[in-house]
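Counting starts at 1 for both ligands and their atoms, following the listed order. Sequence positions, counted from 1, serve as the residue numbers for this chain.
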Amino acid sequence: MARNILVTGGGTGIGRAVALHFAAQGEQVVITGRRPGPLEEPARRSGVRALVCDHTDPDALTRLLGELPERIDVLVNNAGGNIMFDADGRTDLAAYARDFRANLDANLVTAALTTKALDERLVEGGAVMHIGSIAADQGAGSYGASKAGLATWNISLAHELGARGITANVVAPGYIADTDFFRDQLADERRAQLIANTATGRPGSPEDIVGAVAFLASPAARHITGQVLHVNGGAHTTR
Ligand SMILES: NC(=O)c1ccc[n+]([C@@H]2O[C@H](COP(=O)([O-])OP(=O)(O)OC[C@H]3O[C@@H](n4cnc5c(N)ncnc54)[C@H](OP(=O)(O)O)[C@@H]3O)[C@@H](O)[C@H]2O)c1
């Protein structure tokens, strides 16, 4: 039977690739994003359902619930990004506070609110995944802090959901090319450095993340929970 799968931020990049993969497997997939525009192409191409939602907004999430199936098998909390790429350059304390909070909102609060909103719909045998980041272990200011917080929060979530037969894990990408993440602000030098940091000598692709997400959502991964699965070509290792 087809599973019901929600991929937040599924209009572009990693989320889009994850959604297209599950749709190609015959699953019932819903994607979300704040802008209707980027949601159109994957919806047209693969038949995924596209719904506009800002996952930082509890009211928007409550409205989203009205559009979603009663049972959710797989939740991929992918929506996020480093809001510093969109920052206005202000450096005063008020701007610092605004930007810091915005990164926590974008990457941690989105996942927590979405999971909370869907709690009663998550079914036994299900899987929750959050897209974290190598930045959680390597820095990157408030963005890295938000992804580190996501991984720590996931530990208690795994215990809460484990009692109901649902897994909860983080997939932590390293540098992934061909997404909108860097907003065209990644200098050639920095890109070369990120690739040089890997053992594989190449950037990651959205498909690399698809592999990890598909595995964690599969029957083969039922005893894996509360973990961070790093997908970074060896740019960060746990030993
Ligand atoms: N690319 C990398 O190198 C890299 C590395 C490590 C981790 N990651 C993580 O991977 C995830 C996906 O990023 P990506 O690389 O695929 O970049 P992306 O192409 O910019 O995708 C991010 C998606 O999230 C959506 N989104 C952002 N905030 C949202 C919100 N509040 N509510 C709903 N949707 C929201 C965006 O759409 P709207 O703007 O229309 O809402 C966009 O479709 C992010 O969590 C990112 O932090 C990426």
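When heavy-atom distances to ligand 1 are checked against 4.0 Å, the residues falling inside are G9, T12, G13, I14, G33, R34, R35, C53, D54, H55, T56, N78, A79, G80, G81, N107, T110, I131, G132, S133, Y143, K147, P173, G174, Y175, I176, T179, D180, F181, F182, R183, ordered by chain and number.
The OG atom of S46 sits 8.0 Å away from atom CD of E41, with the distance rounded to the nearest 0.5 Å.
Ion pairing between a basic and an acidic side chain is recognised when a charged N comes within 4.0 Å of a carboxylate O; E124 and R164 show no such pairing.
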Is there a side-chain hydrogen bond (donor to acceptor under 3.5 Å, both in side chains) between N82 and N103? Walk through the geometry before answering. CA-CA 6 Å; N82 189 344; N103 251 340; 3.1 Å; yes
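Using the six-membered ring where Trp is involved, F182 and Y175 have ring planes that are perpendicular, over 60° apart on the 30 and 60° scheme.
In this structure, a donor-acceptor pair under 3.5 Å is present between the side chains of H55 and T32.
Y143 pairs with exactly one of F181, F85, F100 by the ring-ring contact (aromatic ring centres under 6.0 Å, His included) rule, that one being F181.
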